[in-house]
Amino acid sequence: MPKITTSFSNSLIFWYLQNKRDLPWRNEIQPYRIWLSEIILQQTRVAQGLPYYSRFIKAFPTIFDLANATEEQVLKLWQGLGYYSRARNLHITAKEIAFQRDGKFPETYKDLLTLKGVGDYTASAIASICFNEPTAVVDGNVYRVLSRIFGIETAINSGKGIKEFKLLAQELIDRDRPGTFNQAIMEFGARFCVPQNPKCTECIFANQCEALRQRKVNMLPVKIRKQKIKERHFNYLVMISEEEQATLLKQRKDKGIWQNLYEFPLIETASEVSWNEINDSEAFKNFSEVNKIEEVILYNEKPVIHKLSHQHLYTKFWVIKSSAQIEKPVPISELRKYPVPVLIENFISEFSPFQN
DNA sequence: AATACGGGGGG
DNA sequence: CCCCCAGTATT
């Protein structure tokens, strides 16, 4: 096939071998470890995922350890990484492989795709790195590198673009070293062909880069962005028993953000409200029927604004002292065992009655 | 084809 | 403030 293909791959891999970072999942082909690293790294920077990878390997050295854990333990270890469906699916897939497949991972792209939480990218990564199957990965880095070098203006988040880039990557892949090629092109995007101000003059592909030739490096890749941010108003009811020994948590069971994580009892309102409006609400009426309320103090006058990529949460914490026994209390000493969103973790770590 | 799903870091 | 990050599942 095209000579350009071989040359591209050889140049890329040559660059990679000289410039790759020493990461714990490199030089490593145990499917369990590669799979774990790939799930952690979905939409996540290496620097952010690294400590999580170490903690997971330490807590769960094998897939059986992970499979035998509770979902709560897995979510707790995942706390702070975001996209918590990854953790839930990680646990589901660990159980599937440990108990239904005798601890053995599927060994082909096609079969890997059947695993929960494993999509096109992750199946390609595992198949190529662990099993030498020439299936090309296309992540954010690959979109950027290929769109620039080949001057492709098709939107990367359109159906057409997704197919076009996958096909191109598949043509370019080094069929003898697919895992190395895949990691090389991602590393090149992450370390050299970066989103802002890449050093094109020093680039090994400067001579062939279509975007550089046409002076449109900073225009690529093209991405159709839509992202309307929703504003929500959260009122957390932070219960404290009289002796300040216990509080109350609830698990979010609904679809939506933070599924299966814990938080304080929540009353969501259409806008920012004062205590009177909470007091008059149906939700609070139900709440106060089972929880004896003594005194209410607003912890933060100005709402805490917790920003997710698609929602802004305006949050007030209402501290409620309770004279009677709290229904299903959580001892303060055990508060930190529960997986909670960062918004809640931040409150717990700064609210003095919850210290030690 | 669009949308939901976290949180952090860089310019 | 904006964009992006070793994407996937659901609608």
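Worth knowing before you read on, the calculation uses all heavy atoms, side chains too, and leaves out hydrogens, waters and symmetry mates. Numbered from 1 within each chain, the chains take letters A, B, ... in sequence-line order.
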*Asks:* May I have the distance from Asn346(A) (atom CG) to dG7(B) (atom P), rounded to whole angstrom?
*Replies:* 9 Å

*Asks:* With a non-hydrogen cut-off below 4.0 angstrom, is Val118(A) in contact with a base, only sugar-phosphate, or nothing?
*Replies:*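 Sugar-phosphate only.
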
*Asks:* Pick one: which of Glu133(A), Glu38(A), Lys166(A) meets side-chain hydrogen bond (donor to acceptor under 3.5 Å, both in side chains) with Ser124(A)?
*Replies:*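 Result: among Glu133(A), Glu38(A), Lys166(A), Lys166(A) is the only option passing the side-chain hydrogen bond (donor to acceptor under 3.5 Å, both in side chains) with Ser124(A).
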
*Asks:* Starting at atom CG of Leu90(A), determine the distance to atom C1' of dG7(C), rounded to an integer number of angstrom.
*Replies:* 14 Å

*Asks:* Rounded to whole angstroms, how far apart are CD on Glu263(A) and C1' on dG6(B)?
*Replies:* 15 Å

*Asks:* Using a heavy-atom cut-off of 4.0 Å across all strands, would you classify Ser85(A) as base, sugar-phosphate, or nothing?
*Replies:* nothing

*Asks:* Which part of the nucleic acid, if any, lies within contact of Gly256(A), taking any heavy atom under 4.0 Å across all strands shown: a base, the sugar-phosphate backbone alone, or nothing?
*Replies:* sugar-phosphate

*Asks:* How close or far is atom P of dC5(B) from atom CD of Gln311(A), stated in whole angstroms?
*Replies:*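 In whole Å, dC5(B) P and Gln311(A) CD are 6 Å from each other.
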
*Asks:* Measuring only the P atom in each nucleotide, how far is dA6(C) from dG11(B)? A whole number of Å is fine.
*Replies:*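 Straight-line distance between the two P atoms is 15 Å.
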
*Asks:* Do the ring planes of Trp78(A) and Phe56(A) sit parallel (below 30°), tilted (30 to 60°) or perpendicular (above 60°)?
*Replies:*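 Plane angle over 60°, so perpendicular.
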
*Asks:* In this structure, how many angstroms lie between the C1' atom of dA6(C) and the NZ atom of Lys20(A), rounded?
*Replies:*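 Rounded to whole Å, this separation is 16 Å.
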
*Asks:* Do Thr122(A) and dG7(C) share a donor-acceptor pair, side chain to base, under 3.5 Å?
*Replies:*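 No pair found.
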
*Asks:* Flag as yes if Tyr121(A) stacks onto the base of dG7(C) (centroids under 5.5 Å, planes under 30°), otherwise no.
*Replies:* no

*Asks:* Over how many whole Å does the gap from Asp254(A) atom CG to dT10(C) atom P extend?
*Replies:* 16 Å

*Asks:* Show the nearest heavy-atom pair for residues Lys253(A) and Gln259(A), with the distance to one decimal.
*Replies:* O-NE2, 3.4 Å

*Asks:* Cut-off 3.5 Å, side chains only: do Tyr109(A) and Asp120(A) have a donor facing an acceptor?
*Replies:* yes

*Asks:* Between P on dA4(B) and CZ on Arg232(A), what's the gap in Å once rounded to a whole number?
*Replies:* 11 Å

*Asks:* Just checking Trp78(A): base, sugar-phosphate only, or nothing, at a heavy-atom cut-off of under 4.0 Å?
*Replies:* nothing

*Asks:* Does Arg45(A) contact dC4(C) through a side-chain donor or acceptor facing the base, at a distance under 3.5 Å?
*Replies:*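 In this structure, the two groups form a donor-acceptor pair.
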
*Asks:* Whole angstrom is fine here: how far is it from CG in Asn218(A) over to P in dC4(C)?
*Replies:*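 Going from Asn218(A) (CG) to dC4(C) (P), I get 12 Å.
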
